[in-house]
Amino acid sequence: MPPAGRDFFDVRMRGFRDRAEVKDVFRLIDERVQALEAENVSLAAAGGRVLATDVRSEVAVPGFDRSAMDGYALVAEETFGSGPYNPVELRIIGSAMPGRPFPGTVASGQAVRIMTGAPVPVGADAVLPVEAAEESAEILRIGEAVAPGRHISRRGEDVQAGQVVFGQGRALRPQDLGVLASIGVATVAVIRQPRVDIVISGDELLPVGAKPEGWRIVDSNSVMLAALVRRDGGETNVLPLLPDRREVLREAMRQCTADVLLLSGGSSVGQEDHAPTLLAELGELCVHGVALRPASPAGLGFIGTQLVFLLPGNPVSCLCAYDLFAGRAIRRLGGRNPELPYRTEVMPLTAKIASAVGRLDYARVRVQNGHAEPLAISGASILTTTTEADGFVLVPADSEGYPAGATVTVYRYDR
Ligand code: AMP
Ligand code: MG
């Protein structure tokens, strides 16, 4: 692969001299991109965020033995031998409610009415469910026996004091927030979300919301990229569309202060493709041209510590280059699993996928009856190939493709 800082070769109107292998681009990203620093956020804002440290509970949950049923707290042994035809009778001496414990002690011959969540009174060692008894005039008639400990949720059964409830790197689920609240946590240390600026350039482009007209097309990439970045845990800032003017693009690149800059368009070898030479001029162009179809004009580099991705304007290539490279970096910055976020499934192919050795192919497939059917590829500009597809197959660089019937891994477009 071209190492960082190689002599830069201006490829405009000449074509790529060499293309980096995808695996080498992955290695570069993995070596140079680490998780951002931690920040504290309230639990209310912590959903989906990634823990920067382990969280250990200082307390036991529940903090007391509590009833798991509505019923009667009693001494289990006293119910032994009771049944529908020889009910045992106990005297009800009071009630225990959640938040309002019974203040006394349960002794032999006694029971306390108890509701789910209420502390089990001293002396009682089981709860008889309300269905298994009848009460009248403060006398309880018991129709079945209960074992000691029945229907009591023990102190620490949910969480033990000192236990690590969630490890560093956990992306917090909604129910995790509930557990964190239950152990008395108010704020958590999470990895800061990467800030991502999205700059789209192209003289032919109209802004999102406009109708395509004449020879002008509407920018598809800003909305797609913003949704991808949010999916990967980043915060996005989409800048106004830029024309293909070197000075304008240079200014936008210089002004950017985000952690990551995504540049869409102008990344290839055309006359108006200024992004690669500008990146080499303002910082470091590490990769330009990748052995990848589509998305071979992709590139990446740095301006200071800021990561810059050159994404091809063709929407399918843009999606592919984002997912493989920019997304990987954004996921790493946010402390997330860097691999593709899609669910994978292994299944046979209905028809062959051809691929050149030395190049990784991103082949869209439809999934039907447990089989992957390759879509007739009509070029990187046909974005509906990605909306009609159910997923994609990656054909590795060392492969000539897959014959019909081969078993392949399909990445499902499920997020
Ligand atoms: P470029 O990467 O700028 O050479 O563009 C390659 C192709 O993608 C051209 O046909 C462009 O018109 C098209 N294109 C560039 N940017 C966008 C965009 N943001 N949305 C949709 N198509 C685009
Ligand atoms: Mg362009």
Side-chain angles (χ1 to χ4, degrees), residues 9-17 19-20 25 196-231 234 236-253 256 260-280 285 287-301 308-327 362 364 377-389:
F9 173 74
D10 186 350
V11 291
R12 282 176 294 172
M13 302 312 282
R14 283 189 268 194
F16 293 108
R17 188 170 53 175
R19 288 185 169 85
V25 183
V196 181
D197 277 0
I198 298 175
V199 169
I200 309 287
S201 63
D203 288 336
E204 73 280 33
L205 299 177
L206 291 167
V208 174
K211 288 260 175 341
E213 111 191 8
W215 41 265
R216 305 193 75 185
I217 63 171
V218 180
D219 158 39
S220 297
N221 293 347
S222 62
V223 279
M224 180 177 72
L225 288 171
L228 288 163
V229 170
R230 280 195 299 273
R231 178 200 69 188
T236 59
N237 175 31
V238 179
L239 283 90
L241 289 178
L242 297 185
D244 286 314
R245 291 220 341 261
R246 192 172 179 83
E247 285 315 307
V248 176
L249 190 55
R250 178 193 280 116
E251 218 26 51
M253 290 171 76
C256 172
V260 179
L261 172 59
L262 302 182
L263 292 174
S264 148
S267 77
S268 190
V269 297
Q271 182 175 300
E272 296 289 8
D273 291 333
H274 303 295
T277 46
L278 280 173
L279 181 51
L285 178 70
V287 172
H288 184 215
V290 183
L292 169 63
R293 191 176 74 178
S296 72
L300 76 94
V308 182
F309 287 90
L310 310 178
L311 304 175
N314 260 322
V316 180
S317 311
C318 183
L319 171 63
C320 171
Y322 174 86
D323 262 343
L324 292 183
F325 307 133
Y362 174 92
R364 277 83 75 208
I377 299 176
S378 17
S381 58
I382 311 301
L383 189 53
T384 53
T385 58
T386 65
T387 57
E388 281 162 15

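The model shown is predicted, which means the values in this text are computed figures rather than measured ones. Just follow the structure's listing: the first ligand is 1, and inside any ligand the first atom is 1. Numbering starts at 1 and runs along the sequence shown.
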message: I need the atoms of ligand 1 closer than 4.0 Å to a non-hydrogen atom of Ile200, numbered in the order shown.
response: 19 (N)

- request: Could you grab the distance from atom OH of Tyr362 to atom CG of Leu324, nearest 0.5 Å is fine?
  value: 7.5 Å

message: Treating His274 as the side-chain partner and Glu247 as the backbone partner, does any N or O pair qualify as donor plus acceptor under 3.5 Å?
response: no

field: Nearest-neighbour protein heavy atom for atom 22 (N) of ligand 1, which is reported as residue plus atom name and distance
entry: Ile217 CD1, 3.5 Å

- request: Could you tell me whether the side chain of Asp244 and the main chain of Asp203 form a donor-acceptor pair under 3.5 Å?
  value: yes

query: How far does CG of Asp273 sit from CG of Leu310, to the nearest 0.5 angstrom?
result: 10.0 Å

query: Among protein heavy atoms, which lies nearest atom 20 (N) of ligand 1, and at what distance?
result: Ser220 N, 2.9 Å

message: Show me which atoms of ligand 1 lie under 4.0 Å from any heavy atom of Gly265.
response: 2 (O), 3 (O)

N or O pair under 3.5 Å between Gly266 and ligand 1: yes

field: Exam field: side chain Asn314 to backbone Ser317, donor-acceptor pair closer than 3.5 Å
entry: no

message: Among all the protein's non-hydrogen atoms, which is closest to atom 19 (N) of ligand 1, and how far away is it?
response: Asp219 OD1, 2.8 Å

field: Minimum non-hydrogen distance to atom 16 (N) of ligand 1, winning option of Ser268, Gly313, Ala298
entry: Gly313

message: For a 4.5 angstrom cut-off between non-hydrogen side-chain atoms, does Leu225 reach Leu311?
response: yes

message: For atom 9 (C) of ligand 1, what's the nearest protein heavy-atom neighbour? Residue, atom name and distance, please.
response: Glu204 OE2, 4.1 Å

query: Under a 4.5 Å cut-off applied to non-hydrogen side-chain atoms, are Val229 and Tyr322 in contact?
result: yes

message: When you compare ligand 1 with Asn314, is there at least one nitrogen or oxygen pair between them that comes in under 3.5 angstrom?
response: yes

- line: ligand 1 to Asn221, heavy atom cutoff 4.0 Å, flagged ligand atoms 17 (C), 18 (C), 19 (N), 20 (N)

query: Counting from 1, what ligand 1 atoms have a heavy atom of Pro315 closer than 4.0 Å?
result: 21 (C), 22 (N)

- prompt: N/O to N/O below 3.5 Å, does that happen between Ser201 and ligand 1?
  reply: no

query: Which protein heavy atom lies closest to atom 4 (O) of ligand 1, and at what distance to 0.1 Å?
result: Asp273 OD1, 4.0 Å

field: Arg250 side, atom CZ; Leu278 side, atom CG - distance, nearest 0.5 Å
entry: 5.5 Å

- prompt: Is Ser296 reaching over with its side chain to a backbone N or O of Arg293, donor-acceptor style, under 3.5 angstrom?
  reply: no

